[in-house]
Every structure is written in structure tokens, then in C-alpha cells.
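Both counts, for ligands and for their atoms, begin at 1 and track the order of listing. Positions are given from 1 along the sequence.
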Amino acid sequence: LELAAGQVATALGNARAFEAERRRAEALAELDRAKTAFFSDVSHELRTPLTLLLGPISDVLADPGAPLPDGAREQLTLALRNGQRLQRLVNDLMDVAAIEAGRAAAVRVETDVAAFTTELAGVLRAAAERAGLTLTVDCPPLPRPVFVDPRMWEKVVLNLLSNAVKYTFVGSIAVTQRAAGDQLVLTVRDTGIGIPAAELPLVFDRFHRVQGSVARTREGTGIGLALVRELVALHGGSVTVDSEPGVGSTFTVTVPFGSPDATPEDGAPASP
Ligand code: ADP
């Protein structure tokens with residue numbers, strides 16, 4: 001009898017411990033949901049006033065004949081540039097929040113990704129040349145149809161390329177895109193400042209910026225690569241980085257060619 005009582009006590013103890021553990025897990029999950037909701041609500045609330053603030057400023061600046069007091073054009077330009085930076089951060093945060101909350105899915109459509117990536121690289125060419133860098137693009141037509149979410153692909157390419165421009169002081173940036181088996185492989189290589197080995201596993205973390213380096217002399221928020229990693233993962237792919245300080249960095253994105261998630265409703269061409 002004594003033995004049985006002991007067993008019952010142990011079983012009761014186990015059940016209580018199990019129940020406590022379950023409650024803790026539930027509380028944590030709830031906290032996580034609340035955090036994600038807060039993150040997304042705040043980002044949303046920031047977006048509207050920013051739009052209303054920046055609209056009039058850019059309208060005034062767009063009119064070269066607008067009568068402005070001395071120095072006002074420069075001040076407004078500075079305000080606009082910083083406001084736009086904040087706007088990009090808010091948009092990126094909203095994207096990350098939506099993905100983390102499981103509210104974002106890639107809608108893959110057949111995309112002429114050779115032309116698309118080339119076009120996106122063209123968007124950054126002027127900025128690269130202004131910085132005294134050369135930008136080469138080698139994205140030949142692919143042997144098979146490729147299905148990506150164009151809006152997401154655009155963010156992946158533009159984030160990697162703008163980092164390459166931002167963190168390269170001399171030399172060149174090379175964008176290449178190839179098929180390898182049934183995967184699409186995009187690389188963005190630069191001859192920039194590079195990333196120390198110890199930082200490599202961290203650069204894709206949200207808000208992570210390389211400590212105390214020349215990188216800090218460049219504006220940034222540490223959200224770009226986190227977003228790239230999430231967007232690539234939504235395509236069932238991965239992103240890696242190879243880098244050597246003082247020599248340069250190569251970011252490689254690999255995604256399966258994929259299959260369509262949706263066909264464009266209006267029958268318009270799939271590529272943007
Ligand atoms: P941000 O550029 O806004 O700081 P990212 O998430 O895009 O944020 O990048 C995180 C960090 O990784 C950067 O702060 C920088 O230290 C480093 N990094 C990213 N891309 C490069 C690159 N091409 N060359 C050198 N360092 C880079």
C-alpha cells in the first residue's frame with residue numbers, strides 16, 4: 001500500500017510539473033503573438049503620418065520655381081531624405097512582422113527573371129557610378145521557366161545590391177545569375193570592406209550591424225538582410241555569405257525554379 005501511495009504521489013507530481021510546463025509554453029506563445037501584433041500595429045500607425053508628412057515636402061521640392069526662404073530647399077531635402085529612410089525602415093519592419101506572423105506567403109508567378117534581375121541592377125547603376133564603382137551584370141536567359149514572387153524578388157535583389165554599393169568604397173560590384181540543376185543561383189559580389197568571420201553568422205539577424213567597423217559610417221538599420229533571409233525562405237531557398245575583411249563579400253541566393261502559386265487574373269504577362 002505504501003508503495004502504491006508513493007507511486008501516486010510521484011504521478012501527481014509529474015502531472016503538476018507537466019501542467020506548469022504547458023502553461024508556461026502557452027504564456028510564451030501568447031507573449032510572442034502579442035509582440036508580433038504590437039510590432040505590426042506600431043509600424044502601421046507610423047506609416048500614415050509619414051506619408052502625410054513626406055508628400056507635401058516632396059511636392060514643394062518638385063517645383064523648382066517654388067519661392068522658398070534662403071536655405072529652405074537644402075533643409076527640406078535633408079528632411080525628405082531622412083523621412084524616406086524612416087519610411088523604408090517602417091516598410092521593412094512591416095514585411096518582417098507579416099512574415100513572422102505567418103501572414104505573408106510568396107505568390108510565385110512565371111517571371112523572366114533574367115530580364116528582371118538585369119533591370120533591377122540597372123536601378124542601382126547610377127548610385128554605384130556616382131560612388132565611383134563599376135557595376136557589371138551577367139544574367140543570361142535561363143533554360144527553364146522560373147517562378148518567383150516578383151515583389152519579393154525585387155526586395156531581395158535591391159537589398160543585396162544596395163548593401164554592396166553602401167559597403168564598397170573602391171572597385172566593383174558583379175551580379176550574376178545562373179541555373180544550377182533545378183535551382184536559380186544569384187550572386188552579388190563586391191570588393192568592399194568585407195565582414196569579419198565572427199560576424200558572418202550574425203549579419204542575417206534582425207537589427208544586427210557589424211560592431212565598431214567602418215560599416216557604422218554608413219546609414220543602416222540592420223533589417224535588410226533579415227528581410228532577405230525571410231523572403232528567400234518563403235521561396236524554399238537559402239542565402240549565404242562569403243567574405244573577407246578588406247577584400248570583399250559575396251552573397252549567394254539559391255531558390256528552386258518552383259511552380260506557379262497563382263496565374264495573373266487579368267491575363268497580363270507574368271513578369272512585372
Ligand atoms: P544595414 O545595411 O541597414 O545595416 P543589413 O541587414 O542589410 O542592415 O546588413 C547588416 C550588416 O551586415 C550591415 O550593418 C553591415 O555591417 C553588414 N553588411 C551587409 N552587407 C554587406 C556588404 N556587402 N559588405 C560588408 N558588410 C555588409
Element-labelled atoms of ligand 1 that are located less than 4.0 Å from some non-hydrogen atom of [X]:
X      : result
Gly194 : 25 (C)
His208 : 10 (C), 11 (C)
Gly220 : 1 (P), 3 (O), 4 (O)
Ser249 : 24 (N), 25 (C)
Gly224 : 5 (P), 6 (O), 7 (O)
Ile223 : 6 (O), 8 (O)

N/O of [X] under 3.5 Å from N/O of ligand 1, yes or no?
X      : answer
Val203 : no
Gly222 : yes
Thr221 : yes

Side chain, backbone, both or neither: [X] near ligand 1, heavy atoms under 4.0 Å:
X      : answer
Lys166 : side chain
Phe251 : side chain
Val210 : both
Asp190 : side chain

I'd like to know if the side chain of [X] reaches the main chain of [Y], judged simply by a donor and an acceptor atom lying under 3.5 Å from each other, with no hydrogens or angles considered.
X      : Y      : answer
His208 : Gly222 : no
Thr191 : Ser172 : yes
Asp149 : Val107 : yes

If you look at every heavy atom in [X] and [Y], which pair is closest and at what distance?
X      : Y      : answer
Ile173 : Leu133 : CD1-CD1, 3.9 Å
Val113 : Val148 : CG2-CG2, 4.3 Å
Gly181 : Phe257 : O-CE1, 3.7 Å

List the atom pairs, donor and acceptor, that lie under 3.5 Å between side-chain atoms in residues 241-249 and the rest of the protein, sequence neighbours left out.
from: Ser243; atom 1: OG; to: Ile195; atom 2: N; distance (Å): 2.8
from: Ser243; atom 1: OG; to: Gly248; atom 2: O; distance (Å): 3.2
from: Ser243; atom 1: OG; to: Ser249; atom 2: OG; distance (Å): 2.9

Identify every side-chain donor-acceptor pair in residues 51-65 under 3.5 Å, counting partners at least two apart or on other chains, and give the distances.
from: Thr51; atom 1: OG1; to: Arg47; atom 2: O; distance (Å): 2.8
from: Ser58; atom 1: OG; to: Leu54; atom 2: O; distance (Å): 3.2
from: Ser58; atom 1: OG; to: Gly55; atom 2: O; distance (Å): 3.1
from: Asp63; atom 1: OD1; to: Gly65; atom 2: N; distance (Å): 2.9
from: Asp63; atom 1: OD1; to: Ala66; atom 2: N; distance (Å): 3.4

Item to check | Greater than 12 external heavy atoms within 6.0 Å of Arg178's CZ | outcome: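 Check passes, neighbour count above 12.
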Next on the checklist: Could you work out, for atom 9 (O) of ligand 1, the closest of Val241, Asp92, Leu225, Val165 by heavy-atom distance?
Outcome noted: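 Among Val241, Asp92, Leu225, Val165, the closest heavy atom to atom 9 (O) of ligand 1 belongs to Leu225.
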